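The block underneath contains the structure these notes are about, expressed in C-alpha cells.
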Amino acid sequence: MTRPVRLRIAPSPTGAIHLGLARTALFNWAVARRCGGRFVLRIEDTDRERSTAESEAAILEGLSWLGLDWDEGPDLGGPHGPYRQSERIDSHREAAGRLLEAGSAYRCFCTTERLAKLRAGQDARKQTPAYDRRCRDLDPAEAAVRAEDGEPFALRFAVPPGETRVDDLVRGEVVFQNAEVDDWIMVRRDGNPTYNFVVVCDDVAMEISHVVRGEEHLVNTPKQVQLYEALGSEPPRFAHLPLMLGRDKKKLSKRSGDVSLGDYRAKGYPRGAILNFLALQGWALDGETEVFSLERFVEAFRLEDVSKGGAVFDPDKFRWLAGEYLRAEPVGDLVRHCAPFVAGAGQLDPTSQRERAEWLAAVAAGEQERISLYSELPERIAYLFAADDAVVWEPKAEKNARKQGGAVLAEYLDWLRPRLSKGVDAAILRDDTRAWIEERDVGFAALFQPLRCALSGKAGGPDLFDVMEWLGAEACLRRLASGVERLAVVREGER
RNA sequence: GGCCCCUUCGUCUAGUCUGGCCUAGGACACCAGGUUUUCAUCCUGGCGACAGGGGUUCAAAUCCCCUAGGGGUCACCA
C-alpha cells in the first residue's frame, strides 16, 4: 500500500540550529522533493521551560536561508495544523484517553519517592533500571476512582509481550525484545505529554510517511512502533542516519567546536558549500564527484544509499569545499557576499561600497583565489585601507625583501616617479617594468619582493601592477619611498 | 553493565545486497615536483586502508560464525 510521501523536520526550539539538525532537514527535504512529496515543519515545543519564541524564529530563518523550504509549517499553516506541538495538546489528550480506554495505557500512581527507591535498588544490584509495573494490574475502575478523588498519576504505556521489528531503510531489519522495553510514561503527572507519545500522535495526524532522523532515536523506535499499533495506525518507514561525530568520535556537540549553522554562516561559509558538505556526511554521489549542486543532490539522493557508520566531522575538508564554492562565484556575487564583512571591518561602509563598486569588484576578484571564506577578504585587503605609515610588514615579507635589499627598489622608484604623474595604468606599467628589469638584468625577485613588501607588507598577493593601480600613484610613491628608507636601515639583530 | 547499531587510507567515502572486472577507486590533509613576478589557484606524482581469527568457495573487502574495538541509549528531556 503506497501513501502520499510526507516527511517532516521537528526541531525543538531550545537553541541554535545544530549541524546535525541541518543535515537531517536536508535529507528529509531531499526525499520529499525527489518524490514530489510534502515537507512539513513542526515545532516540538513540549518542553515549555526551554522553548523560546526567539529560537523558533531563528530555526525558521536558518532553514529558509539554507533553501530548505517547507510546504506546511507554523508560519504557513496547512491542512494538518496546528504545526506547533504545544497547540495540539487537545488531540494528545484525546489519544491518551483512547489508549487508556483500550487498555494500551494505564494510570500509575507510584510516587516519585517510590520510583527513586526502586531505581536505587536496581542500581545497587547492577540491574537495568526499569519500572516494575506495579500499577499495571490495578483494576481500571478502581484506578479511575482514585484519579477521580484527586490522587495524582502518570499515564504509562503497557508494553505488549513479544518482539518488535523495525524495518529501517538504512539499517535493514532491527529486532527488539519487548521484554527489554520499559513501560514508559506517556503523560506526566502534571498532565503534559512526553516526547515519545506526542511525536507519534503528531506524525499520525500529519500522515507522515517517512521518519528520517539521527541514529540516537533508533532505540526509541520500538516504543513508537508499538504505539502506532495501539493507535491502529500503520507505522511510517524509518531511516536512522549515522551520527555526525566530533574528533573524539563521539556525537558532535558544543565540546567539539563550532557545531551550529550560525557559526559557519558568521564565518562566511557559502551556503552551497554548507549544503554540499552536509550531503557528504553519510552519503556520496558516485564516489568520485565531491562538488555538486543541490539540484543534483535531490535528483540522486536515496535513503537506501546512506552509509551506516558515523561520520567524523572534518573541518579541513569543509573549508576546502567552501573555497571551491567561493572561487566558482561570479565576482558580483562574491562582492555581495563579502560586503557585510568589509563593512564590519570598517573598510567601506555600504554607501562607499556602492560608490566604489568597480574598484571593490576588482580587488575582490584579485583575492578570490586566495580566500576560502567571505570573512577572509578584509584581512587580505586591509593594506589598501591602512594609512601609508601603518602598513604592517609581515615577517616573511620583510625577510624576503631584506634578502634582496633596497637598492634596486630605490632605482626603480626614481625611474617610476615621472611615469606615475598621470596615474597608474597597470597594463602599461607591467610591460615597461618588465623591459626595465631585462635591461638591467637584475632578476624579477630583486625588484618584486621588496616592491610587494613596501606596497602591501605581504609576502604574496595579486598581480603587483594591479595592486599599484588600486592603491593609486600617490600612495604608491609614498610607500616605496618609506620602503627604501626602511630597507636601508640594518636592524640590530642582523649585524 | 543491559539492549541496539557500527567497523575500507589519519578523515569523508566508492566497492558489499547481485563473490571474480579490486595488484581496493575518488576526495580532504600531508609530502615532492611543475606553472606563476610572489602567494594562492591550477597540473603531475607520492604516501596511505579491507579491525583480527576461523570457515564456505576454483575464487571473499564482498557470504557465514566467533572475537575485539568504537558508538548510541537506558528520565515524569527531546
Side-chain angles (χ1 to χ4, degrees), chain A residues 10-12 14 44-47 49-51 85 108 110 112 115 119 123 126-131 152-156 166 168 170-172 174-177 179-182 184-196 198-199 214-222 240 242-243 245 247-251 277 280-291 304-305 307-321 323 327 367-372 380 396-397 400 430 433-434 437 443-449 451-453 456 458-465:
Chain A
S12 53
T14 54
E44 218 127 290
D45 58 348
T46 46
D47 186 339
E49 305 263 296
R50 295 191 299 151
S51 298
Q85 218 155 44
C108 173
C110 293
T112 337
L115 261 18
R119 197 197 168 107
D123 278 348
K126 289 186 179 162
Q127 292 174 328
T128 306
Y131 179 57
F153 64 91
L155 216 54
R156 286 187 187 269
V166 176
D168 193 280
V170 173
R171 275 146 228 284
V174 184
V175 183
F176 297 86
Q177 295 305 312
E180 304 286 348
V181 183
D182 200 12
W184 52 281
I185 293 196
M186 290 171 27
V187 181
R188 303 179 179 94
R189 49 175 53 215
D190 66 5
N192 286 127
T194 61
Y195 164 76
N196 277 119
V198 287
V199 76
E215 194 193 336
E216 70 263 35
H217 287 286
L218 185 55
V219 289
N220 283 326
T221 314
H240 288 93
L243 259 18
L245 275 21
R247 273 256 154 257
D248 57 2
K249 304 227 176 184
K250 292 199 196 319
K251 206 160 68 158
F277 182 75
L280 252 13
Q281 299 294 289
W283 186 82
L285 181 61
D286 54 12
E288 301 264 304
T289 314
E290 307 282 332
V291 184
E304 293 85 339
D305 298 333
S307 47
K308 302 187 204 346
V312 175
F313 175 77
D314 182 358
D316 283 338
K317 187 157 184 175
F318 195 6
R319 194 168 184 288
W320 163 77
L321 199 51
R327 260 167 257 127
E367 293 291 352
Q368 189 164 19
E369 62 198 28
R370 251 167 303 278
I371 60 175
S372 295
R380 293 286 332 166
K396 193 179 167 199
N400 289 344
R430 187 178 298 119
T433 301
R434 283 221 165 105
I437 290 173
F444 288 123
L447 172 64
F448 288 130
Q449 292 190 336
L451 181 55
R452 182 175 295 282
C453 183
S456 68
K458 296 201 171 295
D463 180 280
L464 270 174
F465 305 98

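Because the structure is predicted, anything quoted here is derived from the model rather than measured.
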Can you figure out which of B:rA78, B:rC3, B:rC6 approaches the side chain of A:E180 most closely? B:rC3

A:D47 CG - B:rC76 C1' separation (whole Å): 12 Å

Which is true for A:N400 with a 4.0 Å heavy-atom rule: it touches a base, it touches only sugar-phosphate, or it touches nothing? nothing

note: A:R319, atom CZ; B:rA29, atom C1'; distance rounded to Å ~ 13 Å

Should B:rG69 form a Watson-Crick or G-U wobble pair with both distances under 3.5 Å, which nucleotide is its partner? B:rC6

CZ of A:R171 to CG of A:L218: how many Å apart, nearest 0.5 Å? 6.5 Å

With sequence neighbours excluded, tell me which residues meet ring pair (Phe, Tyr, Trp, His ring centres under 6.0 Å) with A:F153. A:F109

Once salt bridge (charged side-chain N to carboxylate O under 4.0 Å, His left out) is applied, do any residues pair with A:D47, and if so which ones, sequence neighbours excluded? A:R50

For A:H240, answer base if it contacts any base atom (sugar-phosphate contacts may also be present), sugar-phosphate if it contacts only those atoms, and nothing otherwise; contact means non-hydrogen atoms under 4.0 Å. nothing

Can you tell me the pairing partner of B:rA24 across any strand shown, Watson-Crick or G-U wobble, with both distances under 3.5 angstrom? none

May I ask you to say what A:L218 touches in the nucleic acid, namely base, sugar-phosphate or nothing, with a heavy-atom cut-off under 4.0 Å? sugar-phosphate

Has A:D182 got a side-chain atom pairing as donor or acceptor with A:Y131's backbone, closer than 3.5 angstrom? yes

Determine which nucleotide pairs with B:rA61, using a 3.5 Å limit on both distances of a Watson-Crick or G-U wobble pair. none

Atom CZ of A:F176 to atom P of B:rG72: distance rounded to whole Å? 16 Å

Looking only at atom P, what distance separates B:rG20 and B:rA75, rounded to whole Å? 46 Å

Would the distance check show the side chain of A:S307 and the main-chain N or O of A:G282 forming a donor-acceptor pair, the cut-off being under 3.5 Å? yes

Inter-nucleotide P distance (B:rU18, B:rG1), Å rounded: 35 Å

Could you tell me how far B:rC31 sits from B:rC9 if I compare only their C1' atoms? Round to whole Å. 15 Å

Per the atom types in the model, does the base of B:rU38 pair as donor or acceptor with the side chain of A:R452 at under 3.5 Å? yes

For A:R370, what residues pass the side chain to side chain donor-acceptor pair (under 3.5 Å) criterion, not counting sequence neighbours? A:E367

Nearest to the side chain of A:L243, which nucleotide is it out of B:rG72, B:rC76, B:rA78? B:rG72

A:L321 has an atom CG; how far is it from atom C1' of B:rA29, in whole Å? 14 Å

Side-chain N or O of A:K251 versus OP1/OP2 of B:rU73: is the shortest distance under 4.0 Å? yes

So what does A:C453 hit on the nucleic acid, given a heavy-atom distance under 4.0 Å: a base, only sugar-phosphate, or nothing? nothing

Side chain of A:K396: nearest nucleotide among B:rC39, B:rA75, B:rA78? B:rC39

Under a 3.5 Å distance rule, please check whether A:S456 uses its side chain to pair with a backbone N or O of A:R452 as donor and acceptor. yes

Quick check: does any side chain N or O of A:D190 sit under 3.5 Å from a backbone N or O of A:N192, one acting as donor and the other as acceptor? yes

Can a donor-acceptor pair be found, under 3.5 Å and without considering hydrogens, that links the side chain of A:D168 to the backbone of A:H240? yes

Say we look at B:rU73 and B:rA61: how far apart would their C1' atoms be, to the nearest angstrom? 30 Å

Could you tell me whether A:F318 contacts a base, only the sugar-phosphate backbone, or nothing, with contacts defined as non-hydrogen atoms closer than 4.0 Å? nothing

Looking across every strand, which nucleic acid part, if any, lies under 4.0 Å from A:T46 by heavy atom: base, sugar-phosphate, or nothing? sugar-phosphate

Could you tell me how far apart A:R171 (CZ) and B:rG72 (P) are, to the nearest whole angstrom? 13 Å

Is the phosphate of B:rG1, meaning OP1 or OP2, less than 4.0 Å from a side-chain N or O of A:T128? no

Nearest-angstrom distance from the residue atom CZ of A:F277 to P of B:rC28: 13 Å

Gap in Å between the two P atoms, one belonging to B:rA60 and one to B:rU13, rounded: 28 Å

Whole angstrom is fine here: how far is it from CD1 in A:I437 over to C1' in B:rU38? 12 Å

Identify whether any heavy atom of A:N220 sits under 4.0 Å from a base atom; if not, whether one sits that close to sugar-phosphate; answer base, sugar-phosphate or nothing. base

As a test of reading the structure: which of B:rA78, B:rG71, B:rC76 is closest to the side chain of A:E44, going by heavy atoms? B:rA78

Whole-Å distance separating the CG atom of A:D168 from the C1' atom of B:rC4: 12 Å

If you measure from the C1' atom in B:rC65 to the same atom in B:rU23, how many Å do you get, rounded? 29 Å

When the nearest nucleotide of RNA chain B is assigned to A:D316 and to A:I371 on a heavy-atom basis, which residue is associated with the more 5' position? A:D316

Paired to B:rG1 by Watson-Crick or G-U wobble criteria (both distances under 3.5 Å) is B:rC74

Pair partner, B:rC47 [Watson-Crick or wobble, under 3.5 Å]: none

If you check the A:R50 side chain, which of B:rA78, B:rC28, B:rA75 turns out closest? B:rA78

Which atoms of nucleotides 12-15 of chain B (N or O only) lie under 3.5 Å from a protein N or O atom, and what are those distances?
residue : atom : partner : partner atom : Å
B:rC12  : OP1  : A:V312  : N            : 2.8
B:rC12  : O2'  : A:L280  : O            : 3.0
B:rC12  : O2   : A:K317  : NZ           : 3.3
B:rU13  : OP1  : A:G282  : N            : 2.6

What residues form a salt bridge (charged side-chain N to carboxylate O under 4.0 Å, His left out) with A:R156, not counting sequence neighbours? none

The salt bridge (charged side-chain N to carboxylate O under 4.0 Å, His left out) partners of A:K458 (sequence neighbours excluded) come to A:E379, A:E394

When you compare B:rG48 with B:rG10, how far apart are their C1' atoms, in angstrom units rounded to a whole number? 9 Å

Atom C1', compared across B:rU62 and B:rG25: separation rounded to whole Å: 16 Å

hbond_proxy A:R189 side chain to B:rC76 base (donor-acceptor, 3.5 Å cutoff): yes

So, is A:K250 near the phosphate of B:rG71, with a side-chain N or O under 4.0 Å from OP1 or OP2? yes

